[in-house]
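These notes are about the structure you will find just below.
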Amino acid sequence: MNKFKWLLLFLFSLIFLTLIVVTFIYDPVTEQNPNATVDTEEINEPVQENTEEDSPDDVLEEENLELEEEGSVSEGLREVFSSVLDSARNLFVREDLRVVSIGDSLTQGVGDGTDNGGYVGILEDTINENDEAADFTIDNFGKRGDRTDQLLDRMESAEMSSAIREADLVLITIGANNVVEVIENNFTSLSYDHFAPAREEYREELEEILSNVESLNPNASIYLIGLYNPFNQYFDNIPALTQIMNEWNSVSENVVQEHPNASFIPINDVFEENEDELLWEEDHFHPNEKGYKRMAERILENIRNEIQQ
């Protein structure tokens with residue numbers, strides 16, 4: 001009997017000691033936060049960082065830098081995405097002005113990340129912004145990839161020919177894809193001599209394009225927008241490409257001079273040495289938003305006197 005009592009007493013004592021040990025070992029903070037640690041260096045780090053406060057001059061300098069960065073970003077976005085030309089403030093066009101644009105991807109606005117129609121959209125927005133009562137639109141018949149022969153085929157459509165008949169101004173971009181065709185057909189052995197036959201064909205078809213516009217609408221003013229050179233980065237082994245593009249622009253000017261109602265608008269100088277800034281990063285061939293804005297500015301310079309009240 002005594003042995004049994006001693007055994008019970010021993011068991012109770014053992015349970016009691018176990019509870020005491022568990023009480024001291026258990027850490028409620030650690031249990032609630034498994035990421036907690038007893039590393040004294042980590043615990044003290046925030047205290048050490050907060051003991052040194054930035055001086056007022058340092059804080060002011062940081063704030064100024066942030067404001068400058070925000071300002072430059074905002075200005076850059078405004079420059080890219082603003083659809084209105086600052087140089088055309090207070091421009092009011094004459095009533096019932098009708099403009100038609102025909103041609104290739106530059107007329108269509110390929111590369112314009114704002115999906116606003118490239119230079120055509122910028123001209124529309126600029127004119128409408130200056131006259132809140134205006135509902136000015138440009139009929140856009142641009143098609144990516146068009147060469148002169150393909151544009152001639154499309155000019156036979158009832159929709160395009162009807163628009164030209166009613167137009168006061170006709171804007172044209174064409175010719176770049178004629179050059180591209182020569183490059184594609186002679187890619188492995190491209191030389192200066194390959195461009196001469198295509199250039200003559202371009203001359204004949206451009207002449208036909210202008211004559212067709214005049215036949216449809218003898219009173220319309222025609223503006224042919226020149227070519228720029230995006231090819232040097234791809235074919236640096238042919239230094240003559242600059243000369244080739246200049247020659248094609250010369251052909252365009254010569255053809256235009258034979259038509260009294262036609263004018264040539266050069267844009268090569270707009271893009272020259274500004275390719276990284278003004279060309280679309282997807283293909284470095286078409287203009288980007290800034291490039292189209294520069295084009296719109298140049299075009300507006302040339303047509304302003306004719307379209308304003």
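Computed from a prediction, not measured in an experiment: that's the story for all the values here.
Side chains of Asn116 and Asp125: a donor-acceptor N/O pair is present below 3.5 angstrom, by distance only.
Annotation: side-chain contact (heavy atoms from CB on, under 4.5 Å) contacts of Asp269 (sequence neighbours excluded): Arg298. Evaluation of the salt bridge (charged side-chain N to carboxylate O under 4.0 Å, His left out) rule for Glu282 yields no partner, not counting sequence neighbours. Residues satisfying the side-chain hydrogen bond (donor to acceptor under 3.5 Å, both in side chains) test with Asn261, not counting sequence neighbours, are none. For Ser250, there are no side-chain hydrogen bond (donor to acceptor under 3.5 Å, both in side chains) partners at least two apart in sequence or on another chain. For Phe271, the ring pair (Phe, Tyr, Trp, His ring centres under 6.0 Å) test picks out Tyr228, with sequence neighbours left out. For Glu208, the side-chain contact (heavy atoms from CB on, under 4.5 Å) partners at least two apart in sequence or on another chain are Leu152, Asn212. With sequence neighbours excluded, the residues that form a salt bridge (charged side-chain N to carboxylate O under 4.0 Å, His left out) with Asp146 are Arg154. A search for salt bridge (charged side-chain N to carboxylate O under 4.0 Å, His left out) contacts involving Asp168 returns Arg94, not counting sequence neighbours. For the side-chain contact (heavy atoms from CB on, under 4.5 Å) test, residues two or more places apart in sequence or in another chain that qualify with Thr148 are Ile174, Asn178, Tyr202, Glu205, Ile209. When the side-chain contact (heavy atoms from CB on, under 4.5 Å) test is applied to Ser215, no partner is found at least two apart in sequence or on another chain.
The number of heavy-atom neighbours closer than 6.0 Å to CG of Asp153, taken from other residues, nucleotides and ligands shown, is above 12. Atom CD of Glu159 is surrounded by 12 or fewer heavy atoms from other residues, nucleotides or ligands within 6.0 Å.
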Yes or no on side chain to side chain contact (heavy atoms under 4.5 Å, CB included) for Tyr119 and Thr107, after CA distance, side-chain angles and deciding distance?
CA-CA 7 Å; Tyr119 82 84; Thr107 293; 3.8 Å; yes

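Arg144 and Gln108 get closest at one heavy-atom pair: N-OE1, 2.7 Å. For the pair Gly145 and Asn177, the tightest heavy-atom approach, listed with the atom from each and the gap, is C-ND2, 3.3 Å.
Listed for the Ser101 side chain is a donor-acceptor partner under 3.5 Å among the backbone atoms of Asp139.
Screening Val256, Leu210, Ile164, Asn217 against Ile222 for a side-chain contact (heavy atoms from CB on, under 4.5 Å) leaves a single residue, Leu210.
The salt bridge (charged side-chain N to carboxylate O under 4.0 Å, His left out) analysis of residues 210-227, with sequence neighbours excluded, yields no pairs. For residues 171-200, the salt bridge (charged side-chain N to carboxylate O under 4.0 Å, His left out) pairs, not counting sequence neighbours, are Arg147-Glu181, Arg199-Glu247, Glu200-Arg203.
Here the side chains of Arg294 and Pro287 are not in contact, with every heavy-atom distance at 4.5 Å or above.
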